[in-house]
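Here's the structure we're looking at; comments come further down.
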Amino acid sequence: MFDKSTKRFPVKEEFIFLAHCGISPLYIEAAILGAELLHRHSREGLLVANDYMAILENLRSSCAEFLHTSAENLNLVKNTSEGLSMIANGYPFEPGDEIISYVHEYPANHYPWRLQEQRGVKLKLLPDRNETEVELNRRPCSWSMADLEKTVTDRTRMVALSHVQFSSGFAADLGELGEFCRSREIHLVIDAAQSLGSLPISPEEAHIDALVASSWKWLLGPIGTGIMYTSPSLRDKLGHVMSGAELMQQGPDFLDHTWRPWSNAKRFEYS
């Protein structure tokens, strides 16, 4: 049984907490481990880095099991914006290509695609379903598969949507959405920040090409951490937009400047 005690979640001593769509409370085991690492850093300096790689490898393996995929397809990011920006800026868009998103997406899943307009790419936004309904209820609601089907053209390269919309709680049917995109050879990119840890997700089963989520919402993790999944077929198309020592296979041989980046998802962990 899931332990929801005050001992494990000290936040319950003073609050009734419901805002998992924002920043969730850190559970006590994670807080203790994080504090221990900071204390070691203060006592040992450089030596604390000896454990970093093992920690990251274990975290990738755990996340892979959680998402029913291979650790080769996962990398760690600081937040959703970083992951989506690497995908958007690294994709080989050509002038006239199209991206489809939703008019009320969270900014992390809007501005990276909006930026591609500088490359001559057209960002097409699905309307909100309430825009065609009674004026009395104009709060953000959801997008529809019917509007998506009407918006797609032979220049559509990517559909970028949230699994769960932050402003309404609308949850997309990832299976239906993934099959729609797969059948049209369109890359599907999912912002799962509002769902991962609350709703089950299997990106391979749902034909999702990329999935990014921050870890401090339903996953109850620390601020400044996130998960990014990419399929091998999409990853092969993405160029590097961030670089550093850690994305190279030669590791700590810092005088070897050979360009040998990892071919798996670790290629996105630049530092």
Side-chain angles (χ1 to χ4, degrees), residues 1-4 7-10 20 23-84 86-87 190-193 195-205 208 210-232 234-235 238 242-254 260-271:
M1 181 178 293
F2 181 53
D3 180 6
K4 303 177 184 177
K7 180 179 179 181
R8 196 175 199 200
F9 291 94
H20 290 283
I23 298 176
S24 291
L26 196 63
Y27 62 100
I28 192 63
E29 292 92 339
I32 290 172
L33 286 172
E36 286 178 354
L37 192 64
L38 286 175
H39 285 137
R40 281 190 56 200
H41 190 182
S42 69
R43 295 193 306 268
E44 302 173 19
L46 174 65
L47 297 179
V48 76
N50 293 335
D51 291 338
Y52 276 174
M53 298 313 295
I55 291 172
L56 296 182
E57 291 297 337
N58 288 337
L59 184 55
R60 278 192 215 95
S61 296
S62 297
C63 293
E65 183 177 357
F66 187 52
L67 290 172
H68 310 289
T69 187
S70 165
E72 299 285 298
N73 297 326
L74 288 180
N75 63 281
L76 306 174
V77 290
K78 298 180 182 68
N79 47 55
T80 311
S81 297
E82 181 181 46
L84 291 174
M86 287 194 286
I87 295 167
I190 294 295
D191 176 347
S195 62
L196 194 60
S198 175
L199 298 177
I201 303 176
S202 175
E204 293 177 12
E205 183 178 338
I208 296 170
L211 180 147
V212 189
S214 53
S215 300
W216 58 84
K217 299 182 189 296
W218 290 105
L219 291 176
L220 308 177
I223 297 172
T225 60
I227 302 170
M228 175 170 156
Y229 162 88
T230 47
S231 67
L234 175 63
R235 198 160 58 241
L238 297 179
M242 302 290 289
S243 60
E246 276 65 34
L247 67 82
M248 297 300 173
Q249 296 183 49
Q250 54 264 42
D253 187 358
F254 300 135
R260 288 195 301 125
W262 294 101
S263 59
N264 58 26
K266 286 173 65 175
R267 60 178 285 202
F268 300 115
E269 294 179 5
Y270 53 91
S271 178

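Residue indices begin at 1 and follow the sequence shown.
- For Leu196 against Leu219, the heavy-atom pair with the smallest separation is O-CG, 3.6 Å.
- Residues Tyr27 and Pro25 fail the side-chain proximity criterion, which asks for heavy atoms closer than 4.5 Å.
- A 6.0 Å sphere centred on CD of Glu65 holds no more than 12 heavy atoms belonging to other residues, nucleotides or ligands.
- We find the CD-CG distance between Glu29 and Asp3 to be 7.5 Å, quoted to the nearest 0.5 Å.
- The CD1 atom of Ile55 sits 12.0 Å away from atom CZ of Arg60, with the distance rounded to the nearest 0.5 Å.
- Glu204 approaches Asn73 most closely through the heavy-atom pair OE2-ND2, 3.4 Å.
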Next on the checklist: Pair Asn75, Tyr270 - check side-chain contact (heavy atoms from CB on, under 4.5 Å), show working.
Outcome noted: CA-CA 10 Å; Asn75 63 281; Tyr270 53 91; over 6 Å; no
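- Ser214 and Ala193 get closest at one heavy-atom pair: OG-CB, 3.7 Å.
- The environment of His41 atom NE2 is sparse: at most 12 non-hydrogen atoms of other residues, nucleotides or ligands sit within 6.0 angstrom.
- The shortest distance between side-chain heavy atoms of Glu57 and Lys266 falls below 4.5 Å.
- To the nearest 0.5 Å, the span separating CD1 on Ile87 from CD on Glu82 amounts to 11.0 Å.
- At least one donor-acceptor pair under 3.5 Å links the side chain of Asn50 to the backbone N or O of Leu47.
- Taken from CE in Met86 to CZ in Arg267, the straight-line distance is 10.0 Å, to the nearest 0.5 Å.
- The number of heavy atoms from other shown groups lying within 6.0 Å of CD (Glu205) does not exceed 12.
- The two residues Gly83 and Met228 have their closest heavy-atom pair at CA-SD, 3.7 Å.
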Item to check | Residues Leu26, Trp216; criterion side-chain contact (heavy atoms from CB on, under 4.5 Å); working and verdict | outcome: CA-CA 8 Å; Leu26 196 63; Trp216 58 84; over 6 Å; no
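- Side chain of Thr80 to backbone of Val212: no donor-acceptor contact under 3.5 angstrom is found.
- Partners of Glu44 under the side-chain hydrogen bond (donor to acceptor under 3.5 Å, both in side chains) rule, at least two apart in sequence or in another chain, are Arg40.
- Atoms CG and CG, from Leu38 and Leu33 in turn, are 11.5 Å apart once rounded to the nearest 0.5 Å.
- Ile208 pairs with exactly one of Thr230, Ile190, Leu234 by the side-chain contact (heavy atoms from CB on, under 4.5 Å) rule, that one being Ile190.
- Closest heavy-atom contact between Glu269 and Leu76: OE2-N, 2.8 Å.
- Ring geometry for Phe2 versus Phe9: interplanar angle over 60°, hence perpendicular rather than tilted (30 to 60°).
- In terms of modelled atom types and a separation under 3.5 Å, the side chain of Ser198 and the main chain of Ser195 share no donor-acceptor contact.
- Once rounded to the nearest 0.5 Å, the distance linking CD1 of Ile227 with SG of Cys63 reads 3.5 Å.
- A pairwise comparison of heavy atoms in Ala64 and Ala71 identifies CB-N, 3.5 Å as the closest pair.
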